[in-house]
Enquirer: 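Okay, here's the structure, questions in a sec.
Numbers restart at 1 for each chain; the letters A, B, ... are given by sequence-line order, proteins then strands.
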Number of protein chains: 2
Amino acid sequence: MTLQLAISASQRSTRQTVTANWTPIRTENEVEASFAPVMHFDQDCEIYGEGDAAEYYYKVVSGMVRTCKFFADGRRQIDGFHVAGDLFGIETGCEHSLSAEAVSDCSIVAIRRGNADISASAHLLAGLMRVLGRAQEHAVLLGRRSAVEKVAAFLLALPCGAGAKDKIALAMTRQDIGDYLGLTLETVSRTISQLERDDIIDLPSARQIKIKDREALIELRG
Amino acid sequence: MTLQLAISASQRSTRQTVTANWTPIRTENEVEASFAPVMHFDQDCEIYGEGDAAEYYYKVVSGMVRTCKFFADGRRQIDGFHVAGDLFGIETGCEHSLSAEAVSDCSIVAIRRGNADISASAHLLAGLMRVLGRAQEHAVLLGRRSAVEKVAAFLLALPCGAGAKDKIALAMTRQDIGDYLGLTLETVSRTISQLERDDIIDLPSARQIKIKDREALIELRG
DNA sequence: CGGGATTTTGATTCCAATCAAGTCCGGTGG
DNA sequence: CCACCGGACTTGATTGGAATCAAAATCCCG
């Protein structure tokens, strides 16, 4: 078992991932390729970096992964959050155009490109299409929309905890949410607080959100 | 030959497409499916609307197409501009999640879904991957970036006129560019004017742009 | 408990949106 | 050929919403 390293998170939005730190585990019950080791990554580990050779694409088994782009000035744009079943790291060219990092401790399988060709598997093709649809929705979300609209849409798109419907456990920080929505962490916080004051959501803790009035959220999302 | 109808373009960003108005032409030299009629659309015609059954996906032969989303309040987000060779209208579900319209007079081929399955054609799969890459880049562009950065990136991504390198003929209006970049038409105009004042581009006319200092643009794009 | 990271909240600033005139340009008709 | 018309574009003045700067509160983990 590997230990979570302390992270020197001083500046805003700067790269703060610990270096790769994963444990390969052979599994029997994996549906994909004949030989797909499951890897475990600790929270905030980098799975791959922008510019790395894209020999594999990946599928999340458990936990959450973020794919993102870093700019020279330290700003970061998160492309997406990926949970169990999601594909990520699919590339046209031979190198990754984004970085991928573990939001929480997580397990993923790597699938060698060409080995199991996407076109060979209807399952993978469907995954690819889903990725495309999400990317397009994300672009629409980032365009001319206000902070409330963005946050409302984000909350509505979030997967609810199994069983307890309308209860959301956030795995990511306000900074992560901001970098995904194109807002600052302060604006995200303020907006969420306002939603609570308006009795639209409940905040037992910062990372626990209960949707009290889904209709109102849908209204705000526009 | 069909006539271009007068358009009542009064409000900003409101739907202003003329109703479908296309001419099917049978062609022999089409590589795709065995039976792919080429259709012609006049400028500003709707090719399909959000919610329409997605029986086909499409490929641009000539001219330019925009795919976009309309909001209840009249705002519009343009998802992308598509030129010769580009695929558009690929959907996961059974209906279109965006609308498609002709930016200029254009010719496109429709490819029936399932008939020529994407997975059956490496060519189509590559097209799909390219679409995905573009959608991701677009999302990154719309996130936390300033007006100048957006416009610079837009100009650099534009296809230059054949032969005369660095000469761009804009097919779209300032409003179109704004709805693509998540800016108002005024901000787009101001930014372009500023670039001219800074001697980075030249504007013989509003729709003709000559890039004088590509390095500077790249610098601004970040 | 203690300490650091995360989150909330407040005050102020700034960039882009909005509101409001003009100007330019391509097309049309006299 | 020129005057005129309408849409597209430019430019100016002002406003507004989110960013930034700053500090306090809270949570989580050892």
Enquirer: Answer yes or no: side-chain N or O of B/Arg207 and base N or O of C/dG26 forming a donor-acceptor pair under 3.5 Å.
Expert: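 No.
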
Enquirer: In whole angstroms, how far is the P atom of C/dA17 from the CG atom of B/Leu181?
Expert: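 Nearest whole value for this atom pair: 10 Å.
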
Enquirer: If the cut-off is 4.0 Å, is B/Ser193 near the phosphate of D/dT11, judged by side-chain N/O to OP1 or OP2?
Expert: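 Yes, such a contact exists.
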
Enquirer: Is the distance from OP1 or OP2 of C/dT9 to the nearest side-chain N or O of A/Arg197 less than 4.0 Å?
Expert: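 Answer is yes, contact under 4.0 Å.
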
Enquirer: When you match B/Val188 and A/Met172 each to their closest nucleotide on DNA chain C, which lands nearer the 5' end?
Expert: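 Nearest nucleotide further toward 5': that of A/Met172.
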
Enquirer: Cut-off 3.5 Å, side chains only: do B/Glu91 and B/Ser97 have a donor facing an acceptor?
Expert: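 There is such a pair between these side chains.
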
Enquirer: In degrees rounded to 10°, what angle is found between the helical axes fit to the five outermost pairs at each end of the helix from C/dC1-D/dG30 to C/dG30-D/dC1?
Expert: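 Inter-axis angle at the ends, rounded: 40°.
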
Enquirer: For B/Arg221, run the side chain to side chain contact (heavy atoms under 4.5 Å, CB included) check against B/Leu156, B/Val151, B/Val148 and tell me which one passes.
Expert: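 Among the candidates, only B/Leu156 passes.
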
Enquirer: Could you state the CG-P distance from A/Leu183 to D/dT20, rounded to the nearest angstrom?
Expert: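 Distance, rounded to whole Å: 11 Å.
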
Enquirer: Let me confirm one number: the CD1-SG distance from A/Ile211 to A/Cys160, rounded to the nearest 0.5 Å.
Expert: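 So the CD1 of A/Ile211 and the SG of A/Cys160 are separated by 5.5 Å.
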
Enquirer: For the CD1 atom of B/Ile209 and the NZ atom of B/Lys167, what is their distance to the nearest 0.5 Å?
Expert: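 Here the interatomic distance stands at 12.0 Å.
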
Enquirer: Roughly, in whole Å, what's the span from CD in A/Gln208 to P in D/dT26?
Expert: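 One finds 19 Å between P of D/dT26 and CD of A/Gln208, rounded.
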
Enquirer: Record whether the side chain of B/Arg190 comes under 3.5 Å of the base of D/dG12 through a donor-acceptor pair of N or O atoms.
Expert: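 Under the 3.5 Å cut-off, the side chain and the base do form a donor-acceptor pair.
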
Enquirer: Under 4.0 Å: is that the gap between some side-chain N or O of A/Thr184 and OP1 or OP2 of D/dA19?
Expert: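 True: A/Thr184 side-chain N/O within range (under 4.0 Å) of D/dA19 OP1/OP2.
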
Enquirer: Strictly below 4.0 Å: does A/Ser189 bring a side-chain N or O up to OP1 or OP2 of C/dT7?
Expert: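 No, A/Ser189 has no side-chain N/O under 4.0 Å of OP1/OP2 on C/dT7.
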
Enquirer: Name the residue closer to the 5' end of DNA chain D, choosing between B/Arg174 and A/Val148 according to the nucleotide with the nearest heavy atom.
Expert: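 Taking each residue's closest nucleotide, the earlier one in sequence belongs to B/Arg174.
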
Enquirer: By the definition side chain to side chain contact (heavy atoms under 4.5 Å, CB included), identify the one residue from A/Leu132, A/Ile111, A/Leu128 that meets it with A/Ile90.
Expert: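 For A/Ile90, the side chain to side chain contact (heavy atoms under 4.5 Å, CB included) check succeeds only for A/Leu128.
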
Enquirer: Just call it for B/Gly182: base, sugar-phosphate, or nothing, with non-hydrogen atoms closer than 4.0 Å on any strand.
Expert: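 Sugar-phosphate contact only.
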
Enquirer: Ignoring hydrogens and geometry beyond distance, is the side chain of B/Gln175 in donor-acceptor contact with the base of D/dC9 at under 3.5 Å?
Expert: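 By the distance-only test, no, there is no pair.
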
Enquirer: Compute whether any side-chain donor of one residue and acceptor of the other, for A/Glu46 and A/Ser99, lie under 3.5 angstrom apart.
Expert: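 No pair is found: no donor N or O on one side chain lies under 3.5 Å from an acceptor on the other.
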
Enquirer: Identify the two heavy atoms, one from A/Leu87 and one from A/His82, that lie closest to each other, and give their separation to 0.1 Å.
Expert: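 That would be O-ND1, 4.1 Å.
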
Enquirer: Given D/dC27, is OP1 or OP2 found less than 4.0 Å from the side-chain N or O atoms of A/Ser205?
Expert: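 So the side chain of A/Ser205 is outside the cut-off, no N or O lying under 4.0 Å from OP1 or OP2 of D/dC27.
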
Enquirer: When the distance from CG of A/Leu170 to C1' of D/dC27 is rounded to whole Å, what number comes out?
Expert: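 Rounded to the whole Å, the gap is 15 Å.
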
